Amino acid sequence: MSEIRDPHGSLQRTLWIGGAQWSGKTTVAEIIATWHGLTVYHYDYHDARGHQDRRIARRVALGEPVGDPSPDHVWLEQSPEEMAADTLAGFPVRFEWALDDLRALFTGRPAIAEGWGLRPELVAPLLDSLRRMVVLVPTEDFRHHQLRTLPRAGALNVPVTNPARAQANRIDRDRLIAEDAAQNARRLGIRVIEVDGTLNATAVAAEVAEHFAPYLGSATAV
């Protein structure tokens, strides 16, 4: 493993749940944390809120417009392939911001970091064992189930001129990004779990906890 700044040993103790949107990463992480007394780092929350100042500062440093692009530009003026490529290209910078958050975190127990921006190709250099990461991806049927049943998945709550097309673009983008995560994980030897809805969240959490068992100590699921 290459030398990576980790002043409090936080990164070497972290357990990672990456993967796709709507695969249950957050729910699974919180169930395992409750069972085993762990801390959870929610990448998506920090990325959408706490990292906005860093995002703006980077734009200023690069001489780019300070404001966010218009919703129509993001969701309608690009193809899903272009949207996916832009998102994937931005993940490495966003990952460094997440690492800064995790470096400041100290817990005597492992922390679980979960989120779609925790890409296997970015996390792998941090790992002393590939068993410290798992990637969750939904099957196509389960993705459609989530779109039907989760309000935040079934509608894109931003002001665009064509909401139906924007949502369709988002779904196609997320599918491409999920495929990329699974392909990279398998290439690197990181475990991929396909979530198909036949197991409930507690059962999926138990499967992930079993994968992480060497790092969870003697605590047992309740």
Side-chain angles (χ1 to χ4, degrees), residues 6 8-51 91 94-95 97-124 126-139 142-143 145-146 149-153 174 177-178 181-182 184-185 188 190-222:
D6 188 15
H8 302 294
S10 308
L11 300 181
Q12 69 180 3
R13 287 191 298 275
T14 299
L15 304 173
W16 306 83
I17 301 177
Q21 299 285 67
W22 324 125
S23 58
K25 301 180 301 300
T26 298
T27 302
V28 165
E30 291 182 353
I31 291 172
I32 296 172
T34 299
W35 287 343
H36 295 278
L38 308 183
T39 296
V40 176
Y41 174 84
H42 293 303
Y43 169 94
D44 289 351
Y45 187 93
H46 290 274
D47 184 62
R49 296 167 180 80
H51 295 167
F91 275 141
R94 295 156 69 180
F95 183 67
W97 298 337
L99 292 187
D100 274 347
D101 295 337
L102 288 165
R103 287 186 182 104
L105 178 69
F106 178 83
T107 69
R109 304 275 290 140
I112 300 178
E114 65 82 20
W116 78 324
L118 306 177
R119 312 300 289 179
E121 68 275 13
L122 299 176
V123 174
L126 304 174
L127 303 177
D128 58 1
S129 167
L130 296 178
R131 193 162 178 174
R132 285 189 176 273
M133 186 175 196
V134 67
V135 169
L136 302 183
V137 294
T139 63
F142 189 68
R143 177 183 287 109
H145 167 79
Q146 297 289 72
T149 59
L150 289 179
R152 67 184 187 278
D174 289 354
I177 292 173
N184 275 310
L188 292 164
I190 291 170
R191 184 177 178 186
V192 176
I193 295 177
E194 290 192 344
V195 181
D196 62 8
T198 58
L199 300 178
N200 64 21
T202 300
V204 175
E207 185 173 353
V208 175
E210 177 60 27
H211 178 78
F212 288 151
Y215 314 105
L216 295 178
S218 59
T220 57
V222 294

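Every value quoted in this text rests on a predicted model; they were computed, and no experiment measured them. Scope of the values below: all heavy atoms of this structure, side chains included, with no hydrogens, waters or symmetry mates.
Proximity of the aromatic rings of Phe91 and Trp116 is defined here by a centroid distance below 6.0 angstrom, and this criterion is met. In summary, the aromatic rings of Tyr41 and His46 are positioned with their centroids under 6.0 Å apart.
The two residues His8 and Arg13 have their closest heavy-atom pair at O-NH2, 3.1 Å. The shortest heavy-atom contact between Ala209 and His36 is CB-NE2, 4.3 Å. The shortest heavy-atom contact between Asp44 and Gln21 is OD2-OE1, 4.0 Å. The two atoms that bring Ala20 and Ser23 nearest to each other are O-OG, 2.8 Å, heavy atoms only. Scanning both residues, Phe95 and Trp16, for their nearest heavy atoms gives CE1-CZ3, 4.1 Å. Contact record, Ala124 with Leu188: CB-CD1, 4.1 Å, taken as the closest heavy-atom pair.
Put simply, the side chain of Ile193 reaches to within 4.5 Å of the side chain of Arg191, judged on heavy atoms. Annotation: side chain of Ile31 is in contact with side chain of Thr202 (closest heavy-atom distance under 4.5 Å). Counting only heavy atoms from C-beta outward, the side chains of Met133 and Pro120 approach each other to under 4.5 Å. At least one side-chain heavy atom of Leu136 sits under 4.5 Å from a side-chain heavy atom of Val208. Looking only at side-chain heavy atoms (C-beta outward), Ile112 and Val28 stay at 4.5 Å or farther from each other. Annotation: side chain of Gln12 is not in contact with side chain of Asp128 (no heavy-atom distance under 4.5 Å). A 4.5 Å side-chain heavy-atom check between Arg94 and His51 finds every atom pair outside the cut-off.
The cationic group of Arg132 lies under 6.0 Å from the six-membered ring centre of Tyr215 and within 45° of the ring axis, placing it in a cation-pi geometry.
Note that the CG atom of Leu99 and the CG atom of Asp6 stand 9.0 Å from one another [nearest 0.5 Å]. Ile190 contributes atom CD1, which lies 9.0 Å from atom CG of Asn184 (distance to the nearest 0.5 angstrom).
Without hydrogens or angle criteria, Glu194 side chain to Val137 main chain gives no donor-acceptor distance under 3.5 Å. Judged purely by atom type and a 3.5 angstrom limit, His211 uses its side chain to pair as donor or acceptor with the backbone of Arg131. For Thr14 (side chain) and Ser10 (main-chain N/O), a donor-acceptor pair under 3.5 Å exists by modelled atom type. At distances below 3.5 Å, at least one donor-acceptor pair connects side-chain atoms of Arg109 with backbone N or O atoms of Leu216. A donor-acceptor pair under 3.5 Å is absent between the side-chain atoms of Lys25 and the main chain of Gly19, judged by distance alone. Side chain of Asp196 to main chain of Thr139: no donor-acceptor pair is present (N/O by atom type, distance under 3.5 Å, no hydrogens or angles).
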Leu199 vs Glu207, side-chain contact (heavy atoms from CB on, under 4.5 Å): CA-CA, chis, key distance, verdict: CA-CA 10 Å; Leu199 300 178; Glu207 185 173 353; 3.8 Å; yes
Applying side-chain contact (heavy atoms from CB on, under 4.5 Å), run through Trp22 and His145 and close with a yes or a no. CA-CA 10 Å; Trp22 324 125; His145 167 79; over 6 Å; no
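Among Ile32, Thr26, Thr27, the single residue meeting the side chain to side chain contact (heavy atoms under 4.5 Å, CB included) criterion with Glu30 is Thr26.
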